[in-house]
Amino acid sequence: MRLLFSTEEIREKVEDLASQIRGDYQGKKPLLVGLLKGSFVFLADLMRALDQPLEVDFVRLSSYGHGTESSGRVRVLHGLKTPVRGRDVLVVEDIVDTGHTLSYFLESLARRRPASLRVCTLLDKPCRRCVPVTIHYRGFTVEDVFVVGYGIDWAEEFRYLPAIYALEKAECASKTSSP
Ligand code: XMP
Ligand code: MG
């Protein structure tokens, strides 16, 4: 496993994103919508760094099985319960990869007529994009590596790591072949 971003680098980036967002949402009470499970650690830190009135809700979508490749199909495992009509919605994502998940979700949100709809992602892997998505607040750009830690898993492992790491191909393979 190779360290990509230390806890200190993540903390600084979260502060930086929060100050951009705070500036853009002055006098507003945004609804932060986190995509479970990967975004929950980032959202928790971002929310506290924002330090302004806001609401939080979560959805759970799935386009990944237990592996490292997006299937391109998105399923809703837990939909959004908070009404979004007229709300300033900020979607909070851990990582945008092919863009399938986010583009599917943004289309479904847009149909519900929010006052505004923006995206904040901690990590962006633009080299893997299949579907275009507009990202308003971007933390780090990463190359084509599978990342874990800071809430982000590989087959439900490694979420607990406080920093962000690249998982080497051999590690994915050895996990897949283990009993
Ligand atoms: P898409 O391809 O739809 O994928 O943009 C978005 C979701 O896929 C997960 N994902 C990853 N999870 N390491 C992970 O642990 C990765 O490198 C990675 N790339 C994508 C993630 O949940 C994201 O929301
Ligand atoms: Mg995610």
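Read the numbers this way: they start at 1 and go in the same order the structure lists the ligands and their atoms. Keep in mind that what you see is a predicted model, and the values were worked out from it rather than measured.
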Quick check: [X] and ligand 1, any N/O pair under 3.5 Å apart?
X	answer
Val96	no
Trp154	no
Val147	yes

Common cluster, Val59/Val131, ILVMFWY with side-chain heavy-atom separation under 4.5 Å: no
Sequence-distant partners of Arg113, salt bridge (charged side-chain N to carboxylate O under 4.0 Å, His left out), two or more places apart: none
Which atoms of ligand 1 are found less than 4.0 Å from any heavy atom of [X]?
X	value
Thr98	1 (P), 2 (O), 3 (O), 5 (O)
Val145	17 (O)
Ile152	12 (N), 13 (N), 14 (C), 15 (O)
Thr101	1 (P), 3 (O), 4 (O), 6 (C)
His100	3 (O), 5 (O)
Ile95	6 (C), 10 (N), 11 (C), 17 (O), 18 (C), 19 (N), 20 (C), 21 (C), 23 (C), 24 (O)

Does [X] have a non-hydrogen atom less than 4.0 Å from ligand 1?
X	result
Val148	no
Gly99	yes
Lys125	yes

Which segment of Glu93 sits under 4.0 Å of ligand 1 when only heavy atoms are counted: side chain
Mode of Asp94 contact toward ligand 1 - side chain, backbone, both, neither (heavy atoms, under 4.0 Å): side chain
Cation-pi check, Lys13 onto Phe140 ring (under 6.0 Å, within 45° of axis): yes
Phe58: ring pair (Phe, Tyr, Trp, His ring centres under 6.0 Å) partners, not counting sequence neighbours: none
Quick check: closest heavy atoms across [X] and [Y], and the distance to 0.1 Å?
X	Y	answer
Lys28	Gln52	O-NE2, 3.4 Å
Ile135	Arg129	CD1-NH2, 3.5 Å
Glu143	Lys125	O-CG, 3.3 Å

Test: Arg48 and Asp51 ion pair at under 4.0 Å: no
Verdict with reasoning, Met1 to Val148, per side chain to side chain contact (heavy atoms under 4.5 Å, CB included): CA-CA 9 Å; Met1 230 184 264; Val148 295; 4.1 Å; yes
